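Take a look at the structure set out below.
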Number of protein chains: 2
Amino acid sequence: MTPGESLLAEPAVCVPGAPLVLPDADVASLSARLKALGDPTRLRIVQILAANGSVCACDLEEPLGLSQPTVSHHLRQLAAAGIVERDKRGSWAFHRVSAAALATVAAELGQLAHGRH
Amino acid sequence: MTPGESLLAEPAVCVPGAPLVLPDADVASLSARLKALGDPTRLRIVQILAANGSVCACDLEEPLGLSQPTVSHHLRQLAAAGIVERDKRGSWAFHRVSAAALATVAAELGQLAHGRH
DNA sequence: TGTCGATATTGACATTCGTCGATATTGCCG
DNA sequence: CGGCAATATCGACGAATGTCAATATCGACA
């Protein structure tokens, strides 16, 4: 049962009408971006892009040790989440991390930490 | 092939010995924490905890619309990632978000965005 | 135009993940 | 002690995910 006026001096939680929740859309949006970053391979890609500026997809296969379709797949996921931006020049496609997108994720996490929204 | 001295004034990337990579352990650690946050249900839990301070597990089933084992499972994941801390008082278990852990994730993301490490 | 290189897409497969019901464990209280 | 409430664990199942080989698409260039 809901602990409310128990011996512990804790505030009752989840009172019927407490609307202290973010809209589902916001939670879904942020969690989708976090999910895109929550894979070791993709986070490694982001780190390489952040360190090198603009990198073409073909130069990621070797350091990652992954096949070309797999690299393409991860870049697609990161682009869909807005974390990286692609820039197709001629035959090859350059990718760079969106510093703004990363900063936004960090900022929203920070706000979450303080219970604000 | 690696575009280096091509017509575009882009720096060559992935030069043989370029060690601009974080240790695997760091990438694994951060991606694990991001993965824990990268689920809508778990991010919703974090948001509820952040907004309410300390919440007992039994009060999460209803707002989430999930079974007790599922809630317990997600709380376990978040605790394993260091995102939430449990505090078992008597019969029930209270949970609160670790502001420090969230701040660390946000900070590491920010450093990543600037290519530093 | 035809070939070649880079990238994207498709299909398949093994693994992981989220979820639940059932059950075990633990601590209160009568 | 015995029952009850909260939580954790187990087993199972469908869905999503990461990966690759094969193939398609697209652009450059001879």
Side-chain angles (χ1 to χ4, degrees), chain A residues 1-8 10 12-14 27-28 31-46 49 54-62 64-81 84-95, chain B residues 1-8 10 12-14 27-28 31-46 54-81 84-95:
Chain A
M1 193 168 298
T2 293
E5 61 297 333
S6 60
L7 51 157
L8 9 121
E10 283 295 335
V13 291
C14 301
V27 170
S31 67
R33 281 170 283 160
L34 290 169
K35 183 178 188 178
L37 291 167
D39 174 86
T41 297
R42 286 194 290 270
L43 193 58
R44 170 69 77 196
I45 290 178
V46 168
L49 296 192
S54 196
V55 180
C56 101
C58 63
D59 287 320
L60 288 174
E61 306 176 28
E62 180 194 325
L64 294 174
L66 293 174
S67 71
Q68 177 267 322
T70 300
V71 172
S72 181
H73 172 242
H74 285 305
L75 286 172
R76 177 187 177 84
Q77 305 241 119
L78 287 169
V84 314
E85 298 162 353
R86 41 173 28 108
D87 172 20
K88 197 155 193 175
R89 258 172 294 174
S91 195
W92 45 98
F94 286 84
H95 299 77
Chain B
M1 194 165 297
T2 294
E5 60 299 332
S6 60
L7 52 156
L8 8 118
E10 283 293 337
V13 291
C14 303
V27 170
S31 67
R33 281 169 285 158
L34 290 169
K35 183 178 187 177
L37 292 167
D39 175 86
T41 297
R42 285 193 291 270
L43 192 59
R44 170 68 77 196
I45 290 177
V46 168
S54 197
V55 180
C56 102
C58 63
D59 287 321
L60 288 174
E61 304 176 28
E62 179 194 325
L64 294 174
L66 292 174
S67 71
Q68 177 267 323
T70 301
V71 172
S72 181
H73 173 242
H74 285 305
L75 287 172
R76 178 187 178 84
Q77 305 241 121
L78 288 170
V84 314
E85 298 162 353
R86 43 172 26 107
D87 173 19
K88 197 155 193 173
R89 257 172 295 175
S91 195
W92 354 213
F94 287 84
H95 299 78

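So you know, we letter chains A, B, ... as the sequences are listed, proteins then strands, and number each from 1. Here the structure is a predicted model, which means the values were calculated and not measured.
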Taking 4.0 Å as the cut-off, does a side-chain nitrogen or oxygen of Ser67(B) come that near to OP1 or OP2 on dC20(C)? yes
Looking at Arg89(A), I'd like to know whether one of its side-chain N or O atoms comes within less than 4.0 Å of OP1 or OP2 on dA28(D). no
Please state how far atom [atom1] in [X] lies from atom [atom2] in [N], giving the value in whole angstrom units.
X: Asp39(B); N: dG18(C); atom1: CG; atom2: P; result: 5 Å
X: Leu75(A); N: dG18(D); atom1: CG; atom2: C1'; result: 14 Å
X: Phe94(A); N: dA8(C); atom1: CZ; atom2: P; result: 13 Å
X: Arg76(A); N: dC20(D); atom1: CZ; atom2: C1'; result: 17 Å
X: Arg86(B); N: dT26(C); atom1: CZ; atom2: P; result: 15 Å
X: Gln68(A); N: dA24(D); atom1: CD; atom2: C1'; result: 12 Å
X: Glu61(B); N: dT7(D); atom1: CD; atom2: P; result: 7 Å
X: His73(A); N: dA16(D); atom1: NE2; atom2: P; result: 13 Å

In terms of the nearest nucleotide of DNA chain D, which residue is placed more toward the 5' end: Pro69(A) or Thr41(A)? Thr41(A)
When you match Leu66(A) and Gly90(A) each to their closest nucleotide on DNA chain D, which lands nearer the 5' end? Leu66(A)
Out of [options], which nucleotide sits closest to the side chain of [X]?
X: Lys88(B); options: dG5(C), dT17(D), dA8(D); result: dA8(D)
X: Lys35(A); options: dT7(C), dT17(D), dG18(C); result: dT17(D)
X: Trp92(B); options: dT16(C), dT7(D), dT7(C); result: dT7(D)
X: Ser72(B); options: dT9(D), dT19(C), dT7(C); result: dT9(D)
X: His74(B); options: dT19(C), dC17(C), dT19(D); result: dT19(C)
X: Thr70(B); options: dT17(D), dT19(C), dA8(D); result: dT19(C)
X: Gln77(B); options: dG18(C), dG5(C), dT7(C); result: dG18(C)

Using side-chain heavy atoms (C-beta onward) and a distance below 4.5 Å, is [X] in contact with [Y]?
X: Leu60(A); Y: Leu75(A); value: yes
X: Leu37(B); Y: Arg33(B); value: no
X: Asp87(A); Y: Arg89(A); value: yes

Report the distance from atom NE2 of His74(B) to atom CZ of Arg44(B), rounding to the nearest 0.5 Å. 13.0 Å
Among Leu49(A), Val46(A), Leu43(A), find the residue that satisfies the side chain to side chain contact (heavy atoms under 4.5 Å, CB included) test when tested with Leu78(A). Val46(A)
